[in-house]
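What follows is a single structure, written as structure tokens, with notes after it.
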2 protein chains.
Amino acid sequence: MEAPGLEHRFRERGLRATPQRVAVWREFAERPGSTIREAARRLRGSGIGQATVYRAVRALEGVGLIVRFAAPQGEVRFAAVLEHAHLLVCEGCGAVQPLEECGLGAYESEVARRSRYRVRGHTLIVYGVCPECQEVS
Amino acid sequence: MEAPGLEHRFRERGLRATPQRVAVWREFAERPGSTIREAARRLRGSGIGQATVYRAVRALEGVGLIVRFAAPQGEVRFAAVLEHAHLLVCEGCGAVQPLEECGLGAYESEVARRSRYRVRGHTLIVYGVCPECQEVS
DNA sequence: ATTGATGCAAATAATTTGCACCTTT
DNA sequence: AAAGGTGCAAATTATTTGCATCAAT
């Protein structure tokens, strides 16, 4: 997964686009569903310290460029996202893939109207069993 | 929040409805958005050890009776749910409230058809700013 | 009896911090 | 220079485990 203007997305949300942060984002874009530990171990090879990975994840999660979710066995995993945080997660093998349009716009408006909240976005994680894991079971 | 037949919901998912587990679920139902630490501290008063709280949360999360999500500042928080894991979270004060029907049924079918996954459910977290926090800002 | 749960305390793993140094305004 | 980031190693927190015991089937 590549993203033209990735750096720009960082800046427009008030984050400096440091090489380390970009590398962290890319790591979770290429391997969605990694744990921080796994990502940090790989990034170690690029000279990026684990504290930096934690700090980057926190910063990116804060502006919605990375989402956190519970994997099958309950571990906390992460995935990079661009606009939408819509993921399909396999409960068997833990595979993660992005989902397209969820058509939740109207629903969000409805929620905003009824709750009087200023709605800013949402995270949708769909859980299921992928074709491969279905065969096995 | 009370739930008739709560115990039954545990058992039909293969979990023993021990008093500790029920207490843990209730704690997160009464105070959605608590951290495990907070819940454990309160439950301590009922003689429930922290290891039990962790084990209960893991078990309940596994069968979808508790969901985990990222709060404003990035901490991991939990909330008890019954059928649906639909939550509205305030990014300001961290207040959490359940949401009703999301009408995502058709979308799930669509995802299942296109991905060939056997879809089992989903978690939807809507983020926004509650009326009180809007005034402050 | 047998299996599953629990509490406690100890062990591990995860996450954050202090600090000196480096980069970008 | 000033502000924001980073790496490293050292705290600090969070989570899991071993084990003896209790409860439910």
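Order of the sequence lines sets the chain letters (A, B, ...), proteins ahead of strands, with each chain counted from 1.
Annotation: His86(A) is in aromatic contact with His122(A) [ring centroid separation under 6.0 Å].
Going from atom CD of Glu61(B) over to atom P of dT16(D) covers 10 Å, rounded to whole Å. Rounded to an integer number of Å, the gap from Arg77(B) CZ to dT13(D) C1' is 15 Å. Spacing between atom CD of Glu75(B) and atom C1' of dT15(D) amounts to 17 Å, rounded to whole angstrom units. Rounded to whole Å, the distance from CG on Leu43(B) to P on dC8(C) is 13 Å. Across the protein-nucleic acid pair, Gln20(B) atom CD and dG4(C) atom P stand 17 Å apart, rounded to whole Å. Phe10(B) places its CZ atom 18 Å from the P atom of dG4(C), with the value rounded to the nearest Å. Between the CZ atom of Arg37(A) and the P atom of dT12(C) there is a distance of 14 Å, given to the nearest Å. Remark: C1' of dT13(D) and CZ of Arg41(B) are 16 Å apart, rounded to the nearest angstrom.
For the helix from dA1(C)-dT25(D) to dT25(C)-dA1(D), the rotation axes defined at the first and last 5 base pairs enclose an angle of 50°, given to the nearest 10°.
Side-chain nitrogen and oxygen atoms of Gln50(A) include none within less than 4.0 Å of the OP1 or OP2 phosphate oxygen of dT6(D). Neither OP1 nor OP2 of dA24(D) sits under 4.0 Å from any side-chain N or O of Thr18(B). In terms of phosphate contacts, Tyr54(B) brings a side-chain nitrogen or oxygen within less than 4.0 Å of OP1 or OP2 of dT15(D).
Panel note: side chain Gln50(B), backbone Ile36(B); no donor-acceptor pair is recorded below 3.5 Å. Between the side chain of Ser115(B) and the backbone N or O of Val111(B), at least one donor-acceptor pair lies under 3.5 Å. Of the possible polar contacts, one joining the Arg21(A) side chain to the Arg16(A) backbone as a donor-acceptor pair under 3.5 Å is found. Using a distance-only test at 3.5 Å, with no hydrogens or angles considered, no donor-acceptor pair links the side chain of Glu75(A) to the main chain of Ala70(A). A distance-only check finds no donor-acceptor pair linking the side chain of Glu135(B) to the backbone of Glu132(B) [under 3.5 Å].
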Any chance you could list the contact pattern along nucleotides 17-25 of chain C? Use B for base contacts, S for sugar-phosphate-only contacts and - for none, protein heavy atoms under 4.0 Å, 5' to 3'.
BB-------

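Checking dG7(C), dG7(D), dC8(C) against the side-chain heavy atoms of Thr52(B) singles out dG7(C) as nearest. Among the nucleotides dT6(C), dT16(D), dT15(C), the one closest to the side chain of Arg58(B) is dT16(D). Closest to the side chain of Arg21(A), from the set dG5(D), dT16(D), dT6(C), is dG5(D).
Salt-bridge formation is detected for the pair Glu110(A)/Arg114(A): a Lys NZ or Arg NE/NH1/NH2 atom is positioned less than 4.0 Å from an Asp or Glu carboxylate oxygen. A salt bridge links Arg31(A) with Glu27(A): the closest approach of a Lys/Arg side-chain nitrogen to an acidic carboxylate oxygen falls below 4.0 angstrom.
Hydrophobic cluster membership is shared by Val76(B) and Val24(B), with clusters built from Ile, Leu, Val, Met, Phe, Trp and Tyr side chains linked at under 4.5 angstrom.
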